[in-house]
Amino acid sequence: MANEVRLRFPPSPTGYLHIGGARTAILNWLYARKHNGKLILRIEDTDAERSSEASIQGIIDGLNWLGIDWDEGPYFQTDFTADHQAAAQKLLDSGKAYKCFCTKEDLESKREAALAAKDEVRYDGTCSKLTPAEIAQKETAGIPSVVRFKVPDRPGAVGYNDLVLGRIEQQYSEISDFVIVRSNGKPLYLLCNVVDDIRDRISHVVRGQDHKDNTNRQILLYEALGAPIPFFAHMPLTLDTNKAKISKRSHGEIVAVQWYRDNGFLPWAMVNFLCLLGWSAGDDREIFSKEELLAAFTLERINKSNAIFNYKKDDPKFITDPKLLNINGHYLRTMDLGELAVLVKKELEAAGIWQAAYEAERKEWFLTTLDMTRERFYTLKDFVTQGRAWFTDDFEMCPNALKKNILKHPELKEWLPELADRMDALAVFSAEETEKVARDFAEGKDIKPGIPINGSRAVLTGQIKGPSMFEVFAHLGKETVVRRLREAGKWFAE
Ligand code: GLU
């Protein structure tokens, strides 16, 4: 099975799935699915302090919510320490690595000397020249040592053809003999990651550009361990509009996939958006079904330049990247109404305004309400914020209703209850009939129809925009319309 396509997602647990990590997982997943390959979830849990069960679960929950499934794992790096140590021993035995007894102070003074001489700061290879007798003597004396990989001492460069970035090379002479096992015996990331990729027969390593500089050293490890070298593809970093890395510390919860789950986003909208962070189909398309993505996706179309997550922390208008809001809004508007109803039910329950009737005698009414209102909504939360008045009398007036002159006619305080009486007298409470009443009413008062109509919208829905007002009258129903118009006075300051 030499040509089997096998990819991996190997996060270091942090307690949550970072959107950059999610993007990495998604692109690996797409490639694996497109090529009938396998995706392996591997938790790099060697940092004991950060790798609690809860922090691992945070990653798994995020992937599950997104619908990113994997074929093997989760494997845990700490379960394979013996493999990592065996690989280090193999390198030592074959003379491709050596024990280094230099102390921190030794290394520091070498570093300073190199800096002073304007030389490159690289380990000078002192310990690579130790004889077996010298090594034995130091070990008997109990001097601690690390294991360093011996970079081949030859002219030329190590390199690889990055599927995104093209040829990447580094002169052997520029690479310092690097540490692969700490003095406490703990193998380090560069080695563990390669050993795991070899064991898992990974064919494609698709990861962030922050690992680009590790790759040449890792290729040296593959060569030294006699293993085939996978393809590499490095994806652009995800930066904010100021070109800074997005992190929980500086950007808050919105960097975590879980935040989107808890704030009314749809998993597929998130997958669709994250794919576009650093990848494009080569045309203007922004909406992709799973099938369309699978058809369009290639590693070669991953962008070389930084991906910008367009989030301005200080702009309260957008809770997250507006492109994500638009994509989420698109899916809200086009998804199956029955499926939407299940999701909105959860929101209404959480807000304490769910009624069992919405699944019984008022089911049709409920579905129509969702269909009427979703045209303007971007997240599921909008159903319980902007859409709240459809489900309860206990709603707030949007501040714009006052600002935009809508409730600024003091006469409306009397007019709207009068309009309520006219509405109450209607035998057929339809969009046509309520429109007639509203227009007649305006004519009788010699005012623009917009004044009572917009005023009604505000006191009936708490909003200044929404579906056709006559549809709103008809669908809210006579009882609610009449009651809320009669109580219009409560929205006007004394
Ligand atoms: N644990 C590493 C990370 O989360 C994995 C890097 C890799 O894909 O090799 O960045």
Side-chain angles (χ1 to χ4, degrees), residues 5-32 37-52 55-60 62-63 66 68 70 72-81 83-84 87 160 162-165 168 178 180 186-222 225 227-239 245-248 255-257 274 277-278 299 302 307:
V5 169
R6 292 173 63 85
L7 291 94
R8 72 330 182 244
F9 176 52
S12 314
T14 47
Y16 62 96
L17 183 58
H18 186 282
I19 51 177
R23 196 260 321 247
T24 302
I26 290 167
L27 298 191
N28 275 279
W29 172 77
L30 269 179
Y31 193 83
K38 297 273 191 290
L39 179 66
I40 292 136
L41 176 61
R42 218 171 58 204
I43 308 290
E44 300 208 325
D45 59 341
T46 45
D47 182 346
E49 257 172 51
R50 304 179 79 182
S51 303
S52 65
S55 72
I56 293 166
Q57 198 54 45
I59 305 241
I60 292 179
L63 291 172
L66 288 170
I68 302 304
W70 56 92
E72 289 178 27
Y75 298 137
F76 296 92
Q77 194 157 53
T78 46
D79 288 339
F80 296 96
T81 309
D83 286 5
H84 308 139
Y160 62 101
D162 190 293
L163 295 175
V164 176
L165 302 170
I168 302 219
F178 52 92
I180 52 176
K186 268 186 90 177
L188 285 171
Y189 160 77
L190 281 179
L191 177 68
C192 300
N193 185 257
V194 165
V195 169
D196 293 344
D197 282 346
I198 294 172
R199 186 194 55 248
D200 292 335
R201 305 192 320 284
I202 298 304
S203 60
H204 294 71
V205 172
V206 180
R207 60 185 176 186
Q209 280 181 22
D210 46 338
H211 290 288
K212 189 184 69 174
D213 292 338
N214 290 329
T215 302
N216 277 321
R217 282 176 294 164
Q218 292 195 316
I219 285 177
L220 295 178
L221 290 172
Y222 279 100
L225 291 166
I229 296 165
F231 292 107
F232 287 93
H234 287 99
M235 296 174 288
L237 300 179
T238 309
L239 304 179
K245 252 183 133 167
I246 45 170
S247 69
K248 225 178 198 178
V255 308
V257 164
L274 288 173
L277 262 185
L299 292 173
I302 291 176

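The analysis underlying the following values was restricted to heavy atoms, covering all of them including side chains, and did not include hydrogens, waters or symmetry mates. Just follow the structure's listing: the first ligand is 1, and inside any ligand the first atom is 1.
- Of all heavy-atom pairs spanning Gln77 and Asp45, the tightest one is N-OD1, 3.1 Å.
- For atom 5 (C) of ligand 1, the closest heavy atom belonging to the protein is Pro10 O, 3.3 Å.
- In terms of modelled atom types and a separation under 3.5 Å, the side chain of Arg217 and the main chain of Leu190 share no donor-acceptor contact.
- What sits closest to atom 2 (C) of ligand 1 on the protein, heavy atoms only, is Glu44 OE1, 3.4 Å.
- Of the protein's non-hydrogen atoms, the one nearest atom 10 (O) of ligand 1 is His211 NE2, 2.8 Å.
- Which parts of ligand 1 touch Asn193 is read off a 4.0 Å heavy-atom cut-off, strictly below it: atoms 7 (C), 9 (O).
- When all heavy atoms are compared, the tightest approach of Gln209 to Leu237 is N-CD2, 4.0 Å.
- Closest to atom 8 (O) of ligand 1, if we only count protein heavy atoms, is Arg8 NH1, 2.8 Å.
- At distances below 3.5 Å, at least one donor-acceptor pair connects side-chain atoms of Ser203 with backbone N or O atoms of Arg6.
- The shortest non-hydrogen separation linking Tyr16 to Ile59 is O-CD1, 3.9 Å.
- With no hydrogens or angles considered, a side-chain donor-acceptor pair links His84 and Asp196 at under 3.5 Å.
- Residue-ligand proximity, Arg207 to ligand 1, at heavy-atom distances under 4.0 Å covers atoms 7 (C), 8 (O), 9 (O).
- The closest approach between a heavy atom of Phe9 and any atom of ligand 1 is not below 4.0 Å.
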